[in-house]
Amino acid sequence: MKHRIEQDGKTEQQSYDKYACWCEDTMGRKANDIAKDKEVIEEEQARILKLKASLGSNGAEVEQTKRDIAANLEAQREATEARDKEHEEYSAERTESEQCSGALEAAVKALAGAGEKKKAFLETMQEAQVLSVIDGVRGVVMRPTVTKAMAAKDLEVVERFIQHPENFIGSRAGGFLSAAQIANNPFGDYAPQSTQIQSILKGMYDTFVGDLEKSNADEAESQKSFEELMATKEQELETLQATLESQEMDGATRNKQLADSRALLDDTKKKLEADEKLFEDVKAGCQLKAEEWSERTSLRTMELQG
């Protein structure tokens, strides 16, 4: 009987030792899991705070880049508008200048040789040619910039030419000057009328041509500067757009990381709750088993002692 009791005791002891080992392993493993869970929770909470801060900074950078892009596009629009307006003004002025220089050139050619003595038929043809360019010269003189730039005496000659062109043709354009002109200019400063008006109109023509050449050069330089500016703005725009794309991709990546961290945090909190519950359940079960085993051991000892 005693031998059987001792054998049963050994068998039960082995079974309990195995159970106690399981309790120790399980509680140790769960304690380690709980520690890891808490570490992950702490790390993810810190990571979420950092991601939120970086997303705030990223959002501000994106908005600034968008403003920079809008400013670049507005600058391009304003520059293009200003260039178009400047070109329109240049084109209008060039057209007018070409018309004026053309009128003056025609007048100078028509007056060429007007002071020479010609036969009646040739003189009549010369007169017709001169009369045909009067309207063009009148249009030139009507320009305020022209009247302001001309000497008063030259303007007076041109106006007389417009009013009485016949006096500047053929024999009537000879070198007969008034008594007042001769008295004021004893050394012959006055040229015959045809030559004089040719000289004035030729000077006006040269001025128009020179101004037109300068205007053409200025327009070419303005267009070159505009194209260089636009090329720079386009390059800046490409850089800004690439920056915006990178910033938005970075923001999308961080948003995904934030979502992943939140999901991991939620999952880990649930796992921690389950691990802690299992730990407490195993702990309670093992304590109860230990109490029962202690009582069982005492009873067996009493039984052996009889």
Side-chain angles (χ1 to χ4, degrees), residues 84-223:
D84 289 344
K85 182 180 179 181
E86 186 180 43
H87 181 70
E88 286 176 7
E89 292 174 353
Y90 155 77
S91 296
E93 184 178 345
R94 182 187 65 186
T95 299
E96 189 173 356
S97 295
E98 287 175 344
Q99 290 173 348
C100 290
S101 60
L104 292 169
E105 184 179 22
V108 170
K109 287 180 179 179
L111 285 166
E116 298 176 2
K117 292 182 179 180
K118 296 176 181 277
K119 293 181 180 180
F121 176 72
L122 293 177
E123 186 172 332
T124 300
M125 290 184 62
Q126 183 71 32
E127 183 175 355
Q129 291 176 347
V130 171
L131 292 175
S132 69
V133 299
I134 291 300
D135 285 341
V137 176
R138 182 182 291 109
V140 175
V141 175
M142 287 177 64
R143 295 184 64 180
T145 53
V146 173
T147 55
K148 288 180 181 179
M150 289 182 67
K153 64 178 183 178
D154 290 343
L155 181 59
E156 181 183 354
V157 173
V158 174
E159 288 175 343
R160 281 195 289 110
F161 170 67
I162 294 170
Q163 294 170 5
H164 304 288
E166 67 277 3
N167 294 335
F168 294 79
I169 302 171
S171 58
R172 286 168 289 182
F176 299 100
L177 305 176
S178 68
Q181 290 173 329
I182 295 173
N184 292 329
N185 298 277
F187 298 103
D189 289 342
Y190 286 90
Q193 291 188 91
S194 179
T195 303
Q196 187 180 16
I197 190 63
Q198 284 185 69
S199 177
I200 294 171
L201 295 180
K202 180 63 167 59
M204 293 170 66
Y205 168 79
D206 290 342
T207 298
F208 270 106
V209 171
D211 289 346
L212 184 58
E213 289 177 351
K214 182 178 182 302
S215 180
N216 289 339
D218 291 344
E219 168 65 11
E221 185 62 30
S222 294
Q223 181 63 25

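Numbering starts at 1 and runs along the sequence shown. Atoms considered below: every heavy atom in the structure, side chains included; atoms not considered: hydrogens, waters and symmetry mates.
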- Item | Pair Arg143 + Glu96: basic N to acidic O under 4.0 Å | yes
- Query: Hey, does the side chain of Ser199 reach the backbone of Thr195 with a donor-acceptor pair shorter than 3.5 angstrom?
  - Reply: no
- Query: Taking the side chain as C-beta and beyond, is there a heavy-atom pair between Met204 and Met150 under 4.5 Å?
  - Reply: yes
- Message: I need the minimum non-hydrogen distance between Leu104 and Tyr205, along with the two atoms involved.
- Response: CD1-N, 3.7 Å
- With the side chain counted from C-beta on, respond yes when Ile200 and Phe161 share a heavy-atom pair under 4.5 Å apart, and no when they do not. no
- Message: Run the side chain to side chain donor-acceptor pair (under 3.5 Å) test against Glu105 and tell me which residues pass, sequence neighbours left out.
- Response: none
- Item | For Lys214, all residues meeting side chain to side chain donor-acceptor pair (under 3.5 Å), sequence neighbours excluded | Asp218
- Thr207 (side chain) donor-acceptor with Gly203 (main chain) under 3.5 angstrom: yes
- Message: Quick check: closest heavy atoms across Val158 and Leu201, and the distance to 0.1 Å?
- Response: CG2-CD2, 4.4 Å
- Query: Measuring from Ser101:OG to Arg94:CZ, what's the distance to the nearest 0.5 Å?
  - Reply: 11.5 Å
- Query: Of the non-hydrogen atoms in Ala103 and Val137, which two are nearest, and what is the gap between them?
  - Reply: CB-N, 4.4 Å
- Message: How long is the straight-line distance from CD of Glu98 back to CD of Glu93, given to the nearest 0.5 Å?
- Response: 11.0 Å
- Supply the atom-to-atom distance Ser97 OG to Glu213 CD, rounded to the nearest 0.5 angstrom. 11.5 Å
- Using ring-ring contact (aromatic ring centres under 6.0 Å, His included) as the criterion, list what pairs up with His164, not counting sequence neighbours. none
- Look up atom CD in Gln198 and atom NZ in Lys109, then write down how far apart they are to the nearest 0.5 Å. 13.0 Å
